[in-house]
Amino acid sequence: MNTATGSDDPRDYIRDQGFETYTETDHATWRTLAKRQRELLKGRIAGQFLEGLDRLGIGEQGIPDFRIMNERLKAATGWEVKAVPGLIPDLAFFRMLANRQFPAGFWIRKPEQLDYIEEPDIFHDVFGHVPLIMQPIYAEYLESYGRAGLVAAEHGALKHLARLYWYTVEFGLAQTPQGMRIVGAGIASSPGETIFALESASPNRVAFDLGRVMRTLYRIDDYQETYFVLDGIEAWPNLDVDRLIPLWQELAEQPEIEPGQILPEDRVLTRGDGSYHHAKPKSAA
Ligand code: HBI
Ligand code: FE
């Protein structure tokens, strides 16, 4: 993730959503994306995600009005979505999460960019992220991530936290009694990756391990070479800081892991054949 620099105070970034200023084209873009994703996600995403969409009322009606959506979200878990112009600095981001505020871009992609954008827009941020925040256990995880981030900043562990977010909140999978399911927002808001993450023979799918994930480099501009799989839809890692601080100390002595690399101690659920990335230039962060 390419992060902005500047003030650490969330108030410097929070805006009015400007709901009245969306055009009919903007709403149509949301509807096209939401309709297509909802179809693709059936049977591929955790059931709680679809339930969250319904309870929030943010299906196919058009761009959601945050004032209405937030009443429902607040009632369920005490979280609120706040409009921001784009990526905000890490510390401002962590402060918001620690206060149960989720920053969401208020702009929407243009009709000619339906499948690829570089910075997260309202469709990724709201459709992708907010449905699971209706679930108390996930709501707790995301808040604890924000608190851990503030501590990580003082321990030189920001890169470890960024990787954790990437491989859980953005690109996580989970084992369920019905089979493997998507839980990450980066997958849930992308039609191509919805199929790739679950069905392609190319990527590795490896059982989630907190220290392992924190050592693993990731691809920012393409499908992932490895997905990490939680052992159940509610098996989000415990981020107590008295557990994290010694872990970060251990990790400081250990080498980073390449995005496609498998370690002898990994519990591999699917060993990918790497076919998709073989022909591509390297890009890892
Ligand atoms: N800002 N708006 C926004 N959205 C993000 O997902 C985000 C951010 N700033 C920093 C950030 N993510 C990540 O780099 C942290 O998780 C480390
Ligand atoms: Fe995101």
Side-chain angles (χ1 to χ4, degrees), residues 1-15 17 33 37 45 49 52 58 66 79-109 116-133 138 141-173 182-190 193-194 197 210 213-224 227-228 236-237 239 244 248 284-285:
M1 245 171 279
N2 217 344
T3 297
T5 51
S7 153
D8 296 333
D9 186 343
R11 287 173 298 187
D12 293 332
Y13 305 99
I14 294 171
R15 304 276 189 274
Q17 183 191 6
L33 293 166
Q37 269 323 89
I45 197 145
F49 182 97
I58 59 169
F66 290 180
W79 276 76
E80 259 185 299
V81 172
K82 297 281 189 191
V84 296
L87 289 176
I88 65 174
D90 288 340
L91 282 180
F93 182 67
F94 296 141
R95 285 203 177 122
M96 289 187 72
L97 299 182
N99 286 313
R100 298 206 166 204
Q101 297 180 330
F102 190 78
F106 52 74
W107 61 282
I108 190 156
R109 66 196 75 184
Y116 187 75
I117 47 168
E118 277 168 24
E119 283 224 347
D121 71 345
I122 191 171
F123 183 73
H124 166 80
D125 281 337
V126 174
F127 184 97
H129 283 283
V130 183
L132 281 187
I133 308 177
Y138 186 83
Y141 174 63
L142 207 51
E143 182 199 325
S144 71
Y145 177 82
R147 278 188 271 113
L150 294 170
V151 179
E154 293 164 3
H155 286 79
L158 281 178
K159 62 177 200 255
H160 294 128
L161 265 259
R163 293 171 191 158
L164 173 64
Y165 193 83
W166 194 260
Y167 283 119
T168 59
V169 174
E170 296 291 356
F171 295 99
L173 300 175
I182 295 162
V183 289
I187 307 176
S189 60
S190 158
E193 197 145 5
T194 293
L210 183 59
V213 164
M214 287 184 166
R215 289 170 59 200
T216 311
L217 301 167
Y218 53 83
R219 300 216 161 225
I220 54 170
D221 57 356
D222 206 340
Y223 301 151
Q224 301 308 302
Y227 296 91
F228 291 94
W236 300 95
L239 301 184
L244 289 178
W248 293 332

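We're numbering straight along the sequence, starting at 1. Numbering of ligands and ligand atoms starts at 1, following listing order.
Using modelled atom types and a 3.5 Å distance limit, the side chains of Glu143 and Trp79 yield no donor-acceptor pair.
Looking at Tyr145, Phe93, Tyr13, it is Phe93 that brings a heavy atom closest to atom 6 (O) of ligand 1. Between the choices Val84, Leu87, Leu164, Ile88, the shortest heavy-atom distance to atom 9 (N) of ligand 1 belongs to Ile88.
Taken to the nearest 0.5 Å, the CG atom of Leu33 stands 7.5 Å off from the CG atom of Asp121.
The shortest heavy-atom distance from Asp90 to ligand 1 is under 4.0 Å.
For Phe94 and Tyr145, the ring centers are positioned less than 6.0 Å apart.
As for Glu170, its N/O/S atom nearest the Fe ion (ligand 2) is the one called OE2. The nearest N/O/S atom of His124 to the Fe ion (ligand 2) is NE2.
Residue contact check: Gly86 has heavy atoms under 4.0 Å from atoms 2 (N) of ligand 1.
Between Met214 and Leu244 the shortest side-chain heavy-atom distance falls below 4.5 Å.
Taking the six-membered ring where the residue is Trp, Tyr218 and Tyr167 present perpendicular rings, their angle passing 60° and hence far from 30°.
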